[in-house]
Amino acid sequence: MTLLAVDGLRAYYGQVQALQGISFALEEGTVTALLGANGAGKTTTLRAICNMVRSTGRIEFDGKPLAGISTESVVRLGIAHVPQGRGTFSAMTVEENLQLGAISRKDTKSIGRDIERMYEHFPVLKRRHTQQAGTLSGGEQQMLAVARALMLRPRLMLLDEPSFGLAPLIVRDLFAILRKVNLEEKVAILVVEQNAQLALEIAQKAYVIETGSIVMSGSAKEIATNEDIRKSYLGY
Ligand SMILES: Nc1ncnc2c1ncn2[C@@H]1O[C@H](COP(=O)(O)OP(=O)(O)OP(=O)(O)O)[C@@H](O)[C@H]1O
Ligand SMILES: [Mg+2]
């Protein structure tokens, strides 16, 4: 079933049009990668889904249009956004950050259990549960940002450049966890990445975006194995 359907999406920063009418769909429980160079419009796409930037066109989540509703309402419908640069509360501990992640949830009884589940997915967070988020390493902060987003029990998680600034080994770890989380928590993931090779390993589907337009789409396998696409758009 289609979980997210985007049709003719245009986005604007003042007079500047950053998205030129893009369309794509994401199936329930799947991982989709949104690839492209700097400035292509990847972050803007995620921000438009969350209604954080002025946009036109149609975005439907689980059959419901998202137009005109607040960012908080988008979150409440089950879309968690891990922005570029992460954004955890640096003066709070790991555990406090996880608790805050669940703040808009009504089923408060299961929050403790969910925190334990996050510690199973991310053992490093358990070891550091009393540490201030601001003092975590980059990789640990990214793990915390993802775990905090999952505390919402979202049906869709939007991840903006999760690999950014992390050492290759940490990135491997993180992506292995993301794959496990996708399967076990049954959460769909829309992941924006400049590290196309890596994103294509966990995604089933991929879209390549260039100056605000989608220029290529297909199964992750097709995109990863097509040498022309790789050389022209993905730079590896
Ligand atoms: N706040 C803003 N005001 C004006 N223009 C913006 C703003 N944010 C982004 N843009 C422009 O919109 C376009 C798309 O930017 P966006 O951040 O979506 O790209 P991106 O694909 O995420 O790039 P990167 O890989 O560098 O993160 C760029 O041309 C950018 O300069
Ligand atoms: Mg970006």
Side-chain angles (χ1 to χ4, degrees), residues 4-26 31-59 61 66-67 70-72 74-75 79-88 138-139 141-146 148-149 154 156-168 170-171 174-175 178 188-203 205-218 220 223-224 229-236:
L4 181 77
V6 173
D7 189 28
L9 180 64
R10 295 162 200 272
Y12 305 86
Y13 296 104
Q15 298 298 311
V16 178
Q17 187 175 347
L19 295 178
Q20 312 292 330
I22 66 168
S23 303
F24 65 94
L26 185 152
V31 180
T32 295
L34 196 56
L35 310 172
N38 284 124
K42 306 180 298 296
T43 295
T44 303
T45 304
L46 300 191
R47 300 187 77 220
I49 294 168
C50 298
N51 281 332
M52 295 165 80
V53 54
R54 188 164 67 84
S55 65
T56 63
R58 203 166 168 76
I59 305 177
F61 179 68
L66 298 184
S70 68
T71 300
E72 291 75 38
V74 173
V75 170
I79 302 182
H81 181 203
V82 181
Q84 203 165 1
R86 289 140 206 168
T88 52
Q141 283 190 30
Q142 185 65 65
M143 307 246 182
L144 178 58
V146 172
R148 194 180 62 148
L156 172 63
M157 185 160 61
L158 310 175
L159 291 179
D160 200 341
E161 310 260 8
S163 77
F164 186 79
L166 304 185
I170 306 289
V171 171
L174 175 66
F175 272 67
L178 288 177
I189 299 177
L190 178 59
V191 59
V192 160
E193 261 300 337
Q194 283 198 46
N195 190 334
Q197 201 170 1
L198 194 65
L200 289 169
E201 279 178 28
I202 67 162
K205 235 183 143 177
Y207 295 86
V208 181
I209 178 166
E210 194 179 58
T211 51
S213 301
I214 287 175
V215 290
M216 201 64 67
S217 68
I223 302 245
I229 298 178
R230 266 196 1 238
K231 284 194 181 135
S232 313
Y233 297 112
L234 307 179
Y236 73 93

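Atoms considered below: every heavy atom in the structure, side chains included; atoms not considered: hydrogens, waters and symmetry mates. Since we're looking at a predicted model, the values are computed, not measured. We count ligands from 1, going down the list as the structure has it; atoms in each ligand are counted the same way.
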**Student:** Is it true that some N/O/S atom of Gln84, main chain or side chain, lies under 2.8 Å from the Mg ion (ligand 2)?
**Tutor:** yes

**Student:** Does Ala11 reach ligand 1, in the sense of a heavy atom lying below 4.0 Å from it?
**Tutor:** no

**Student:** Does the protein put any heavy atom within less than 4.0 Å of atom 31 (O) of ligand 1?
**Tutor:** no

**Student:** Does the protein put a heavy atom less than 4.0 Å from atom 9 (C) of ligand 1?
**Tutor:** yes

**Student:** May I ask you to identify the nearest protein heavy atom to atom 25 (O) of ligand 1, giving residue, atom name and distance to one decimal place in Å?
**Tutor:** Lys42 NZ, 2.7 Å

**Student:** What atoms of ligand 1 come within less than 4.0 Å of a heavy atom belonging to Ala18?
**Tutor:** 12 (O), 13 (C)

**Student:** Can you tell me how far the CD atom of Glu201 sits from the CG atom of Leu178, to the nearest 0.5 Å?
**Tutor:** 12.5 Å

**Student:** Numbering the atoms of ligand 1 from 1, which are under 4.0 Å from a heavy atom of Thr44?
**Tutor:** 14 (C), 15 (O), 16 (P), 18 (O)

**Student:** Short list, please: which atoms of ligand 1 are under 4.0 Å from a heavy atom of Ala40?
**Tutor:** 19 (O), 20 (P), 21 (O)

**Student:** Among protein heavy atoms, which lies nearest atom 28 (C) of ligand 1, and at what distance?
**Tutor:** Gly39 O, 3.7 Å

**Student:** Nearest to atom 1 (N) of ligand 1, what protein heavy atom do you find, and at what distance?
**Tutor:** Tyr13 CD2, 3.6 Å

**Student:** Tell me whether Glu161 reaches ligand 1 (any heavy atom closer than 4.0 angstrom to a ligand atom).
**Tutor:** yes

**Student:** Can you tell me if an N/O/S atom from Thr43 lies under 2.8 Å from the Mg ion (ligand 2)?
**Tutor:** yes

**Student:** Please verify whether a non-hydrogen atom of Gly36 lies at under 4.0 Å from ligand 1.
**Tutor:** no

**Student:** Give the numbers and elements of all ligand 1 atoms closer than 4.0 Å to a heavy atom of Thr43.
**Tutor:** 17 (O), 18 (O), 20 (P), 22 (O), 27 (O)

